[in-house]
Amino acid sequence: MTAAAYHALRKSADRDPVSFWARQARELDWQAPFHATLQWKYPHARWFADGYLNASVNCVDRHVDSPRKHKAAIVWEGETFETRTITYAQLHDQVCRFANVLRNLGVKKGNVVGIYMGMVPEAAIAMLACARIGATHNVVFGGFSADALADRMSDSGAVVLVTQDVAYRRGKDVELKVTADKAAKRIPTLKHMVVFKRGTASVKMKAKRDLWWHDVMATASPQAKAAKLPAEHPLFILYTSGSTGKPKGILHTTGGYLTHVSYTTKLVFDMQDTDLFFCTADVGWITGHSYVVYGPLSLGATVMMYEGAPNHPQPDRFWDIISRHRVTILYTAPTAIRSFMRWGDEWPSKHDLSSLRLLGSVGEPINPEAWRWYHRVIGNKRCPVVDTWWQTETGGIMISAVPLEGEGKQSKGTLTASRQVPGAATLPLPGIQAAVVTRNGKKCKAGETGLLVIKHPWPGMLRTVYGDDARYKAAYWSEFPPENVPDGWYATGDGAKIDAEGNVWIIGRVDDVVNVSGHRLGTAEIESALVSHPRVAEAAVIARPDEIKGNALVAFVTLKMGKNATNLVKLKDDLREHVGREIGHIAKPDDVRFAEALPKTRSGKIMRRLLRELVKGGSGFGDITTLEDFSVLERLRSDDEV
Ligand code: PRX
């Protein structure tokens, strides 16, 4: 897009956001057109509600009916180096077959299908097959434990679980089927498991319940009629952490979500037919949903999908992939970028990265140093960097710079960016109305830190928290209700500031959510995992700034019996393992500290602010007049070394 076209787009969106979104939605294929664009009744939005469409038709069929029929949809590379290329025609065949498999297993429109897989094309095929028949998918990241999987499956009432025997990660087998079997005992609604065979070892298959992917696919018909679905039909549920112990099932629907991800993929990544787009996120997270599957495929783009770790077998795996496949756009997380920096410039410098033309960042604030390294070493100062701010709840990108076609003396195909401000997400995209406000809803001055809010509904927004609409209202819409501000505002849970040029700088979460290595974790969730250990009485988990991971987790724990009677070094390890089993390895605390008591207010609330100060080594505890027991603080400090 040219700079002039971008400014015109902004103008038209500002003038009339609703018509603007209607125009974006009309880029999709509709089975029946919509007339009503937005119906907003605080706190619920309905977008394009009288229209009908099918997400799999938009991501597959419409490209099969075009010159893209034999174009690659997915270029996949296994951690073990084998590659597969799946064209749109082949994707159509596979999606239809799996849609028939699901139908044959009795899956009906509106049923929930769980997907617990690694990064294999079959994960995307399973998602699109659900979309084809109107089943709602619920993908759970393959790193989650049996308990976490069972919670997410039973909360959503999943009837089928699609999984793998094993996934490959860092040269090891991740035993997904074993974990799925453990979880299945606690999923009362589950009728079947379909198991994709990735590895070589044999796994236990339960007669009647379990089916091999290759068996059922071989006999399924490669033609499957796509269901005609209203725009507000639920497309997927994706669980994410909130500030209470129970993860939230974020519900996204079909028309609005697809409009938003398709529009943002085109705008922010300047997606062209000649691109090979490498989004390194796992399909188990929202970034994988929106920018590995639905966004790029809705545009008929080609995605690079990589199964394994960035440092397997060596720290240059991404650069190796980029140079061998000629990747043009790389979209990854600041944590990964900081690790690459630490591993050293020699790894990228071994490879030809000249195919790259655009770089993206997502998931956490990118520190200016990492931004500059990414721009200089990976992008060779040629590629614009787009720092994209968004959330599981927003469905797609909300705040980001936009790449613009080079003008003037620049060679054809060269991009510049609407803004390049290392460390800032820059401007809300056309159609998105973001602001930074005080707790009273007053606009913050330039440079003043406040709360990031979204002032107008947008198509990709979550519709509710699955099965818990009260929580939806409380978590996102209760801080700025229509009684206080026009129409009510969406509270993002992020702190931010806007500078004098209008650039948005994200500071981080203002609630009890912590971003560790770009993964979102609820401290309450980890605390409840810790207190489920027989030795633990109380636990408080807080974040400590970490150079690579953004944040590290520190758990303060009080024990049920006198701590002297225990081998604390061993207990530390046990507790970390325990959290790994309860939630998943990503949630293991980096540090566990034992205390006789935790500092609390008179009303019994743990004073996390004090704990945060403590791990930073500070003594500026501020106002502690509400503390119940002052001596607790001193003891926590002197108990530093266990
Ligand atoms: O705190 C923000 C941070 O990640 C949170 C959302 O996490 P999740 O729902 O897991 O989605 C991650 C991928 C979209 C946000 O509330 N975050 C995400 N992107 C950025 C960011 N913080 C700063 N800059 C970003 N670009």
Side-chain angles (χ1 to χ4, degrees), residues 1-15 17 20-21 23-25 27 259-275 277-279 287 290-291 294-296 298-299 301 328-332 334 356-363 365-366 368 371 374-375 378-379 381-391 394-408 410-435 452 454 456 458-460 496 498-499 501-506:
M1 171 177 295
T2 61
Y6 169 68
H7 292 300
L9 197 70
R10 293 203 78 82
K11 245 195 190 155
S12 78
D14 288 349
R15 208 169 32 232
F20 170 83
W21 284 117
R23 281 197 294 284
Q24 306 314 321
E27 297 287 316
T259 298
H260 189 161
V261 295
S262 197
Y263 158 70
T264 50
T265 307
K266 179 108 194 77
L267 182 70
V268 177
F269 300 111
D270 178 45
M271 199 64 76
Q272 308 288 334
D273 269 317
T274 44
D275 277 317
F277 179 58
F278 185 14
C279 167
T287 310
S290 301
Y291 299 106
Y294 288 109
S298 72
L299 295 173
T328 58
I329 306 168
L330 175 66
Y331 189 35
T332 195
L356 287 173
R357 64 185 195 94
L358 180 61
L359 303 173
S361 170
V362 60
I366 180 165
W371 192 105
Y374 196 31
H375 184 251
I378 305 306
K381 298 190 187 155
R382 285 181 303 109
C383 308
V385 175
V386 289
D387 175 10
T388 62
W389 177 88
W390 58 293
Q391 308 176 299
T394 70
I397 299 170
M398 303 288 278
I399 305 178
S400 174
V402 169
L404 302 175
E405 270 166 39
E407 288 167 85
Q410 278 170 327
S411 59
K412 200 170 176 299
T414 310
L415 294 175
T416 57
S418 51
R419 303 229 164 166
Q420 290 286 249
V421 188
T426 76
L427 292 187
L429 295 180
I432 302 300
Q433 295 177 23
L452 180 66
I454 311 295
H456 189 277
W458 67 100
I498 298 185
D499 67 19
E501 278 75 50
N503 298 306
V504 182
W505 298 74
I506 307 293

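The structure presented is a predicted model; accordingly, all values stated were derived computationally and were not measured.
For Trp458 against Thr394, the heavy-atom pair with the smallest separation is NE1-O, 3.0 Å. Heavy atoms only, all atoms of each residue included: Pro17 and Gln433 are closest at CG-NE2, 3.5 Å. In this structure, Leu358 and Val268 approach most closely via the heavy-atom pair CD2-O, 3.7 Å. When all heavy atoms of Leu415 and Pro403 are compared, the pair lying nearest together is CD1-CB, 3.8 Å. Scanning all heavy atoms of the two residues, the minimum distance from Ala424 to Asn503 falls at CB-CB, 4.3 Å. Nearest heavy-atom pair across Gly360 and Tyr374 is O-OH, 2.8 Å.
Looking at Glu27 and Tyr263, their side chains never come closer than 4.5 Å, going by heavy atoms from C-beta outward. Counting only heavy atoms from C-beta outward, the side chains of Met1 and Asp270 never approach each other to under 4.5 Å. A heavy-atom distance below 4.5 Å is found between the side chains of Ile506 and Leu452. Put simply, the side chain of Leu299 reaches to within 4.5 Å of the side chain of Ser262, judged on heavy atoms. Side-chain contact check for Gln272 versus Thr328: every heavy-atom pair is 4.5 Å or farther apart. Proximity of Leu267 to Pro430: side-chain heavy atoms (C-beta onward) are separated by under 4.5 Å at one or more points. The shortest distance between side-chain heavy atoms of Pro384 and Thr416 does not fall below 4.5 Å. Under the 4.5 Å side-chain criterion, counting only non-hydrogen atoms from C-beta, His375 is not in contact with Pro422.
Between the side chain of Arg382 and the main chain of Thr414, no donor-acceptor pair closer than 3.5 Å is present. Of the possible donor and acceptor atoms, none in the side chain of His7 sits under 3.5 Å from a partner among the backbone N and O of Thr2. A distance-only check finds a donor-acceptor pair linking the side chain of Trp21 to the backbone of Gly431 [under 3.5 Å]. Checked by atom type and distance alone, the side chain of Ser290 never pairs as donor or acceptor with a backbone atom of Gly396 at under 3.5 Å.
Rounding to the nearest 0.5 Å gives a distance of 11.0 Å between CZ of Arg357 and CG of Leu359. Taken from CH2 in Trp389 to CG in Leu427, the straight-line distance is 14.0 Å, to the nearest 0.5 Å. Summarising the geometry, atom CG belonging to Asp387 is positioned 6.0 Å from atom CD1 belonging to Ile366; distances are rounded to the nearest 0.5 Å. Interatomic distance, OG1 of Thr264 versus CD1 of Ile397, reported as 5.0 Å (0.5 Å rounding). Note that the CD atom of Gln420 and the OG1 atom of Thr426 stand 8.5 Å from one another [nearest 0.5 Å]. Between the CD1 atom in Ile432 and the NE2 atom in His456 there is a gap of 10.0 Å [rounded to 0.5 Å].
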| task | Take Phe20 and Leu9 through the test side chain to side chain contact (heavy atoms under 4.5 Å, CB included) and record every step on the way to the result. | result | CA-CA 9 Å; Phe20 170 83; Leu9 197 70; 3.7 Å; yes
| query | Stepwise, does the side chain to side chain contact (heavy atoms under 4.5 Å, CB included) test hold for Glu501 with Val421? | reply | CA-CA 11 Å; Glu501 278 75 50; Val421 188; over 6 Å; no
| request: Might you work through the ring pair (Phe, Tyr, Trp, His ring centres under 6.0 Å) test for Trp390 and Tyr291, ending with a clear yes or no? | output: CA-CA 12 Å; Trp390 58 293; Tyr291 299 106; 5.2 Å; yes
| query | For Trp371 and Val385, what are the C-alpha separation, side-chain angles and deciding distance, and is it a side chain to side chain contact (heavy atoms under 4.5 Å, CB included)? | reply | CA-CA 8 Å; Trp371 192 105; Val385 175; 3.5 Å; yes
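Between Phe269 and Phe277, the ring planes are tilted. Angles from 30° to 60° get that label.
Under the 3.5 Å distance criterion, with hydrogens and angles disregarded, no donor-acceptor pair is assigned to the side chains of Thr287 and Tyr331.
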